Amino acid sequence: MEVPVLKQGPFLIATVQAALTDEDLVHLRRAMVERVVIARSLGVIIDVTAMDIMDSFASRTLREVAQMIRLRGAETVIVGIQPEVAFAMVQLGITLEGVVTALDLEEGLNYLKQKFNSSA
Amino acid sequence: MNHTIRVPINTDKDIVAARQKGRALALSLGFSEIDSTLVATAISELARNIVTYAKRGEIRIQADGNSKGPCILVIAKDKGAGISNIKLALQDGFSTSGSLGLGLPGVKRLVDEFEIVSHIGKGTVVKFKKWKT
C-alpha cells in the first residue's frame, strides 16, 4: 500500500490510506526523506487518520522520519491520530516524544504556516 | 461461539491480517472501539515478536467468556529459540533486537490476563485475555 504524497507549496502532505505493514512504513520513511530533498520542502505532514493502530514499530518508524527530516532542516507534523489509537499508544508506553502532532490536516498546515511564516 | 481463528504468521503482512481479525472479533462481541484497538495493538506486537525473533508461528484468536460476559482469548505460538530470561523480557526497556523494547511489558498493560511460557530451543507461547467491559 503506497502512501500518496502531495506537494503543497513548501510543504509535503502524505496521507495514509489504510493499515500499513512494516514494509509500507519503511518505504514511507525512505520516500518522505527523498521527497523532502527533491522538493526542498520546509515541512511535512503525515496524516495517519486511516491507521488502525500505532504499535511500537509504527511509532518508532514515524519518529525516525521526523528525526531524519529535522536533520534536513524541515519539520514534520503527524496529524489525525484517532482517540482509541492514542489510548492504546499510551497504554503500550509510546509517547512519540519530540514529534509535533496536530488534530487534523488543517491544524497541521496552520502550525507549519505559522512556523515558516508562509502563505502557502 | 468458540470458533478459533488461526492466522499463520510468516511475514509482516500477516501481522496486519492477525490484528484486523482480532479487532473484527472484538467488535462483533460488542467490545468498545478503544478495547478493540487495545486487542488489535496487543496482537500486532505479539505477531511482530514472532516475525522478528522466531520467523514463523501462529496466532489463535477466539471468543471465550463466562457468566460475567465475553472475552477474547489470544494465543501467540512459535517454535523459535525461546526466551532465556522471561523476567528480563518483561521489564520495560529490555530488548535483544535493538527495537524499542517495550513489546511484552506493553502488551501486558493492554490486556487483562497475560501468561508467557517459553522453553529454550522449543519456542514460546504467549496467552492473553481481554474482557468486555
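These figures come from a predicted structure and were not determined experimentally. Within every chain, numbering begins at 1; the chains are lettered A, B, ... in the order of the sequence lines, protein sequences first and strands thereafter.
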| message | Apply side-chain contact (heavy atoms from CB on, under 4.5 Å) to residues A:Asp52 and B:Gln20 and explain how you reach the verdict. | response | CA-CA 8 Å; A:Asp52 59 338; B:Gln20 287 179 340; 4.1 Å; yes
| said: Distance check, rounded to the nearest 0.5 Å: A:Glu84 atom CD versus B:Thr37 atom OG1? | reply: 4.5 Å
| Heavy atoms from other residues, nucleotides or ligands near CD of B:Glu113 exceed 12 (cutoff 6.0 Å) | yes
| query | If you group Ile, Leu, Val, Met, Phe, Trp and Tyr by side-chain heavy-atom gaps below 4.5 Å, do A:Val26 and A:Leu96 land in one group? | reply | yes
| said: Quick check: under 4.5 Å, non-hydrogen atoms only, which of residues 6-13 of chain B neighbour chain A? | reply: B:Asp12, B:Lys13
| field | Residues B:Thr41, A:Gln91; criterion side-chain contact (heavy atoms from CB on, under 4.5 Å); working and verdict | value | CA-CA 10 Å; B:Thr41 307; A:Gln91 295 272 83; over 6 Å; no
| request: Answer with yes or no whether the hydrophobic clustering places A:Phe57 together with B:Val16; edges join I, L, V, M, F, W, Y residues whose side-chain heavy atoms lie under 4.5 Å apart. | output: no
| What residues of residues 122-130 of chain B sit under 4.5 Å from chain A when you count only heavy atoms? | none
| message | Can you tell me which residue among B:Leu110, B:Asp35, B:Leu38 is in a side-chain contact (heavy atoms from CB on, under 4.5 Å) with A:Phe87? | response | B:Leu38
| message | Quick one: does any side-chain atom of B:Arg48 pair with a main-chain N or O of A:Ser56 as donor and acceptor, under 3.5 Å? | response | no
| field | Same apolar cluster: A:Val48 and A:Ile53, side chain cutoff 4.5 Å | value | no
| said: Test of understanding: clusters of I, L, V, M, F, W, Y form through side-chain heavy atoms closer than 4.5 Å, transitively. Do B:Phe31 and B:Phe114 belong to the same one? | reply: yes
| Check against side-chain contact (heavy atoms from CB on, under 4.5 Å), A:Thr21 and B:Ile15 | CA-CA 8 Å; A:Thr21 65; B:Ile15 300 174; over 6 Å; no
| hydrophobic_cluster_shared for A:Val85 and B:Leu27, side chain cutoff 4.5 Å | no
